[in-house]
Amino acid sequence: PEAITVQELANRMAEKGADLVKALFNMGMMVTVNQTIDQDTAELLVTEFGHNIERVSESDVDIDTTGDVDADETLKARPPVVAIMGHVDHGKTSLLDALRGTDVVRGEAGGITQHIGAYQIKTKNGAQLTVLDTPGHAAFTQMRMRGANVTDIVILVVAADDGIMPQTIEAINHTKAAGVPMIVAINKCDKEDANPQKVRERLLEHEIIVEQMSGDVQDVEVSAKTGKGLDELIEKILLQAEFMELKSNPDRAAEATVIEAKLDKGKGPVATVLVNRGTLKRGDIFVVGTESGRVRAMNDDKGRQVKEAGPSMPVEVLGLGGVPMAGDVLTVVESEQRAREVSSYRQEQATAKRTATAPASLDTMFSALA
Ligand code: GTP
Ligand code: MG
């Protein structure tokens, strides 16, 4: 038979969890709000509190629109999302800086990227790119894995003086697993001890055959320091993107993926999201993972306030009820009530999963009864 947590039942009945615990206590059952009760007990409680029993299906309380497909005629071209991956210190952030004309590296603690930064680049001929800078340090494997999943194209950065290193191989494996096309940027070609040919040869061992070796993976020699090869790199990205015909529907309720999220001292919970489809607007009500919220403000990658964000655009969102997890999908819903309903349902599901096997301690018993 189906089981439900006391809290979940309380929410559905719009009663206090503690009141249900008390009622159960009077019925001779010692449970906490986070514990599950069987269907018979639940039904008994429902009638005890004078409510009617009405069963609802999963789709009535939760939403998942990620599988819905937009009609062809609603689709419009969108910018490619490009992730820069590679071994620590091979020059990922420097390359991004060179492409953007900024200096992010200098502002980083110890010159190490610790998060996924998402930026927009407008090329000389007016094309837009969204670029994700990912951490190369071994400790950030998790984040790198997430980076590969929202990405259309991966730029594998390999320093020509250092060659193929452990996180280079890791990035290759993530990219293969995600089924994303790769462009190899052989960086630091300005250095005296640079050996780009050796990089190409060593890539063969990992079944990456670049164009220069008569394969079909695009490669380009670059230097983030001198700017060598950067125009060519952009051309190759745009060529790859054009071939992929990336499209999505900008005219619908927004759906976005959380790239990273944190609790900011001044701003409260903030999330950097990448819009997958639709247009996210200021004032929109949304659910994201187990949290809900309303877009209070949005900032672009340069910290400027924006009123809306379309497909492939990365924005920082303020107005969340809590900190979501990277990879969570933000879905815009029609009302605050709906948002609360879905997020509290998801919270209960998550809690039930966590506490399903945890025995009740006397402490939690009494705090529930208090
Ligand atoms: P993590 O984020 O820690 O993984 O490093 P990263 O891959 O972002 O490397 P970053 O851009 O921080 O560069 C590492 C070092 O290499 C810095 O000292 C850069 O100045 C230097 N560097 C990057 N690109 C080049 C290049 O093309 N030529 C030379 N000579 N140095 C470079
Ligand atoms: Mg970096």
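Order of appearance sets the numbers: ligands from 1, and atoms from 1 within every ligand.
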Determine whether more than 12 heavy atoms belonging to other residues, nucleotides or ligands lie under 6.0 Å from atom CD of Q337.
->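 Count not over threshold, so no.
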
The residue among D152, N249, T130 that forms side chain to side chain donor-acceptor pair (under 3.5 Å) with R78 is D152

Hey, looking at atom 26 (C) of ligand 1, which of D190, L95, V222 has the closest heavy atom?
->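 It is D190 that holds the nearest heavy atom.
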
Identify which of K92, H87, K225, M85 has a heavy atom lying nearest to atom 6 (P) of ligand 1.
->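 Heavy atom nearest to atom 6 (P) of ligand 1 belongs to K92.
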
Is it true that the side chains of [X] and [Y] contain a donor and an acceptor less than 3.5 Å apart?
X	Y	result
N187	H90	no
N125	T123	yes
D300	Q120	no

Heteroatom N/O/S of S94 within less than 2.8 Å of the Mg ion (ligand 2) =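 Under 2.8 Å: S94 has no N, O or S contact with the Mg ion (ligand 2).
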
Check ligand 1 against S223 and write out every atom of the ligand that is under 4.0 Å from a heavy-atom position of the residue.
-> 27 (O)

Heavy-atom contacts under 4.0 Å between [X] and ligand 1: side chain, backbone, both, or neither?
X	result
D89	both
H90	backbone
N187	side chain

With sequence neighbours excluded, what pairs up with E245 under the side-chain hydrogen bond (donor to acceptor under 3.5 Å, both in side chains) test?
-> none

What about [X]: any of its N or O atoms under 3.5 Å from an N or O on ligand 1?
X	result
D133	no
G91	yes
A224	yes
K191	no
T134	no

Do V82 and T151 pass the side-chain contact (heavy atoms from CB on, under 4.5 Å) test, and can you show the C-alpha distance, the side-chain angles, and the key distance before you say yes or no?
-> CA-CA 6 Å; V82 180; T151 299; 5.8 Å; no

Which pairs pass side-chain hydrogen bond (donor to acceptor under 3.5 Å, both in side chains) with one or both residues in residues 214-226, sequence neighbours excluded?
->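 Residue pairs passing side-chain hydrogen bond (donor to acceptor under 3.5 Å, both in side chains), neighbours aside: D190-S223, R200-D219, R200-E221, S223-T226.
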
